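Comments concern the structure below.
All values derive from a computational prediction rather than experimental measurement. All chains are named by letter (A, B, ...) in the order of the sequence lines, taking the proteins before the strands, and each is independently numbered beginning at 1.
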Amino acid sequence: MTKVLCVAEKPSISKAVAGHLAGGQFTTRSTSNQYIKNYCFRYDFGPPWGECEVVMTAVIGHLTNIDFAPGYKNWSHPPPFTLFDAPVITLVADDKKAIAKNIQDQARYAQALFIWTDCDREGEHIGSEIRDSAKKGNARIQVKRARFSNIERAHILNAARNLRDLDERQANAVNARFALDLRTGAAFTRFLTTNLRPLGGPIAEAMISYGSCQFPTLGFIVDQYFKVRNFVSEDFWSIKISHKKDGLNATFSWGRVRLFDRPSVTILFEKCLGAKQAKVTKVQAKDTKKWRPLPLTTVELQKMATRFLRMTGQQAMTVAEQLYNKGFISYPRTETDRFDRGIDLRALVQKQTQDNRWGDFAQNLVDGAFKQPREGTHDDKAHPPIHPVTYVASTALNDNERQLYEFVVRRFLACCADDARGKATDIEIEYGVEKFHAHGVIVLQRNYLDVYPYENWTNSAELPHFTLGETFTPTEANMTEGKTTPPSYLTEADLIALMDANGIGTDATMAEHIEKIQVRGYVQVVDSAVQQPDQVVDNADIEDVPASRGGRGSRGGRGGRGGQGRAVGRGGRRGVKVFVPTQLGVALIQGFDGMNLETSLSKPFLRKEMELKMKLICEGRMTQEQFLRESIHQYRAAFDQSMEQLDVLKAACRRYIFQQ
DNA sequence: GCAAGGTC
């Protein structure tokens, strides 16, 4: 009988797949790694394999790592620039040796190796590592790969009958990234650390690292810092009308919103008052709805956890992993925001009916209110959206686990419920020559909102009844004045959103990068209520520094970030944690920006370009060698310029760290 | 002692 070795990317998958293939009939053998088990069973893979004796096992992520050859361990000799073309070696990490050995040993007895790693780029690369280990034990072993994106039984059985080949290109793309990140990271880190430490003071013993993800992340925070500091507040004036009728109040806002010139507003306001009567020019009532949320991705989970659960992204991921490892929720690292049609969502909803917090809501879904969730546009083809897989009572969980599990469940139930529905009314009036409008919503059916307290429909005010052509004298008409407010610093949710939009890091690593730049002393987390108040137009010395994205508060300045932020009052949001750069963080970004490198290291573009080139490798339109030649050349040029202009960097450090 | 990517 054909003997087959199956290897998954993580222990949980090997267990789940073995369970499906063996139909529960397998024997378990432990290995010398405490997390890895070998599952033995029989399975018919169909032609050409037929009935096989199977050993199913796993790795724990990547098996190997790359490093420089021994002659390049010293930080100053040979000089860092040599790292751009120093020889690198691939090694099995110490803590992975037993895992690699297990695969090598098992391969000896097998005619075929079936790889069950995640179906993404990293998974393809891990597959190639598994293959290399297996071939050390059995050079002639045949290698195949299963393609699957969830661990539903039917899906897994289908994958087992339709084995493919490993995608060498994707593995190569990952190889290329590894090599480039190592060379650039090590070269710049050694260069910065050895050259800036002599300046003394707080950085005398600091490790000053560069990384293709940590620097752009720091860049976002420094950018925002200058946007806040360079913000110039402007006075504006507006007109507000309100009218009481039938015991209800309607507030009308001005068609021009606001103007930055007081005399003009005064004249317009007086014209309004002179008209005495306002006339209703439009009455529109229409059905409206507030959309239920999309299925949950990692990025969204982190954003929500930092906003509503008082956790950092890093904590949220740790807790999510615990819940996943205990079998309560699905795999927590996913970019996918759409469920495969094959997944039995109703069955998952059913499991939640026993809870005394959301059980009734779940029961109502089961009884007919269930709606197939909305489908987002992201699909990593490796994992489904995050969802609860079994019910767990809150008493079996610790505080953080309970909170996060509750969020995952509520989010899932909200996805499977109907949109909230309401009636929106828009009233437009003319008062003198000026137009004003009022908008009101009445919520008719809360639907998903009943199970999802993280959202509400708050702008819902019921308007009095108006008829077209009706005239009235407003109860109140006022000229108001205000000041544009500065944008606020980035919250962790903002930062994660920026990283996501710019392709910095992956779902699994974003939180780590944010953590890293704190550990390095580049940024700090502070309470926005403490930081915010005095951030308007002080420090004339940096007045001339252009904020790179968006610039100063524009006329009508919305006080948002990138156009999508909430307008935040001058006092900031009390208790909200925000990121501000340290003097070192500002010095590094200003220093690098001051050197005017052809390719900026503090902006996300370089990383984006690398992602693009990795895609080209995957599509066969670029080779790994070509990628490395071009990218290394590019970074090498930036490195040479940095060496030449080291003084600019040092000056920035002196200026920001020593205030000279 | 350096990166970023897996996963425990």
For A/Tyr522, what residues pass the ring pair (Phe, Tyr, Trp, His ring centres under 6.0 Å) criterion, not counting sequence neighbours?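 Not a single residue meets the ring pair (Phe, Tyr, Trp, His ring centres under 6.0 Å) criterion with A/Tyr522.
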Which nucleotide in the set [options] lies at the smallest distance from any side-chain heavy atom of [X]?
{"X": "A/Asp181", "options": "B/dT7, B/dC2, B/dA4", "answer": "B/dA4"}
{"X": "A/Ile66", "options": "B/dA4, B/dT7, B/dA3", "answer": "B/dA3"}
{"X": "A/Ser209", "options": "B/dA4, B/dC2, B/dT7", "answer": "B/dC2"}
{"X": "A/Arg197", "options": "B/dT7, B/dA3, B/dG1", "answer": "B/dG1"}
{"X": "A/Tyr331", "options": "B/dG5, B/dT7, B/dA3", "answer": "B/dT7"}
{"X": "A/Arg607", "options": "B/dA3, B/dG5, B/dG1", "answer": "B/dG5"}
{"X": "A/Trp75", "options": "B/dT7, B/dA4, B/dC2", "answer": "B/dC2"}
{"X": "A/His513", "options": "B/dC2, B/dG5, B/dT7", "answer": "B/dG5"}

Under 4.0 angstrom, heavy atoms only, what part of the nucleic acid is [X] near: base, sugar-phosphate, or nothing?
{"X": "A/Thr193", "result": "base"}
{"X": "A/Ile13", "result": "nothing"}
{"X": "A/Pro11", "result": "sugar-phosphate"}
{"X": "A/Tyr210", "result": "sugar-phosphate"}
{"X": "A/Asp67", "result": "base"}
{"X": "A/Asp95", "result": "nothing"}
{"X": "A/Gln34", "result": "nothing"}
{"X": "A/Arg177", "result": "sugar-phosphate"}
{"X": "A/Gly123", "result": "nothing"}

Under a 4.5 Å cut-off applied to non-hydrogen side-chain atoms, are A/Leu323 and A/Leu397 in contact?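 They are in contact (side-chain heavy atoms under 4.5 Å apart), so the answer is yes.
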Nearest-nucleotide comparison on DNA chain B, the residue closer to the 5′ end among A/Tyr72 and A/Glu9: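 Its nearest nucleotide lies further toward 5', so the answer is A/Tyr72.
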Starting from the 5' end of DNA chain B, give me the residue, A/Asp120 or A/Asn74, whose nearest nucleotide shows up first.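 Nearer the 5' end of the strand: A/Asn74.
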Using a strict threshold of under 4.0 Å (side-chain N to carboxylate O), is an ion pair present between A/Glu300 and A/Arg411?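 Between A/Glu300 and A/Arg411 there is a salt bridge, with a charged N closer than 4.0 Å to a carboxylate O.
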According to the ring pair (Phe, Tyr, Trp, His ring centres under 6.0 Å) rule, which pairs have a member within residues 604-643 of chain A, sequence neighbours left out?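 As it turns out, the ring pair (Phe, Tyr, Trp, His ring centres under 6.0 Å) pairs with a partner in residues 604-643 of chain A, which skip direct neighbours, are A/Phe84-A/Phe639, A/Phe188-A/Phe639, A/Phe191-A/Phe639.
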With a cut-off of less than 4.0 Å, is there a side-chain N or O of [X] near OP1 or OP2 of [N]?
{"X": "A/Arg190", "N": "B/dG1", "value": "no"}
{"X": "A/Arg520", "N": "B/dA3", "value": "yes"}
{"X": "A/Thr509", "N": "B/dG5", "value": "yes"}

Between [atom2] on [N] and [atom1] on [X], what's the gap in Å once rounded to a whole number?
{"X": "A/Lys516", "N": "B/dC2", "atom1": "NZ", "atom2": "P", "answer": "7 Å"}
{"X": "A/Phe188", "N": "B/dG1", "atom1": "CZ", "atom2": "C1'", "answer": "18 Å"}
{"X": "A/Met207", "N": "B/dC2", "atom1": "CE", "atom2": "P", "answer": "4 Å"}
{"X": "A/Phe68", "N": "B/dA4", "atom1": "CZ", "atom2": "P", "answer": "13 Å"}
{"X": "A/Tyr635", "N": "B/dA4", "atom1": "OH", "atom2": "C1'", "answer": "11 Å"}
{"X": "A/Lys73", "N": "B/dC2", "atom1": "NZ", "atom2": "P", "answer": "12 Å"}
{"X": "A/Leu601", "N": "B/dA4", "atom1": "CG", "atom2": "P", "answer": "12 Å"}
{"X": "A/His125", "N": "B/dT7", "atom1": "NE2", "atom2": "P", "answer": "14 Å"}

At their closest point, which heavy atom of A/Val143 faces which heavy atom of A/Asp165, and how far apart are they?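 Smallest heavy-atom distance, with atoms named: O-OD1, 4.0 Å.
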Determine whether a donor-acceptor pair (N or O, by modelled atom type, separation under 3.5 Å) exists between the side chain of A/Asp337 and the backbone of A/His378.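 Side chain of A/Asp337 to backbone of A/His378: a pair is present.
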Does A/Lys15 make a cation-pi contact with A/Phe26 (under 6.0 Å, within 45 degrees of the axis)?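 Here A/Lys15 fails the 6.0 Å and 45° test against A/Phe26.
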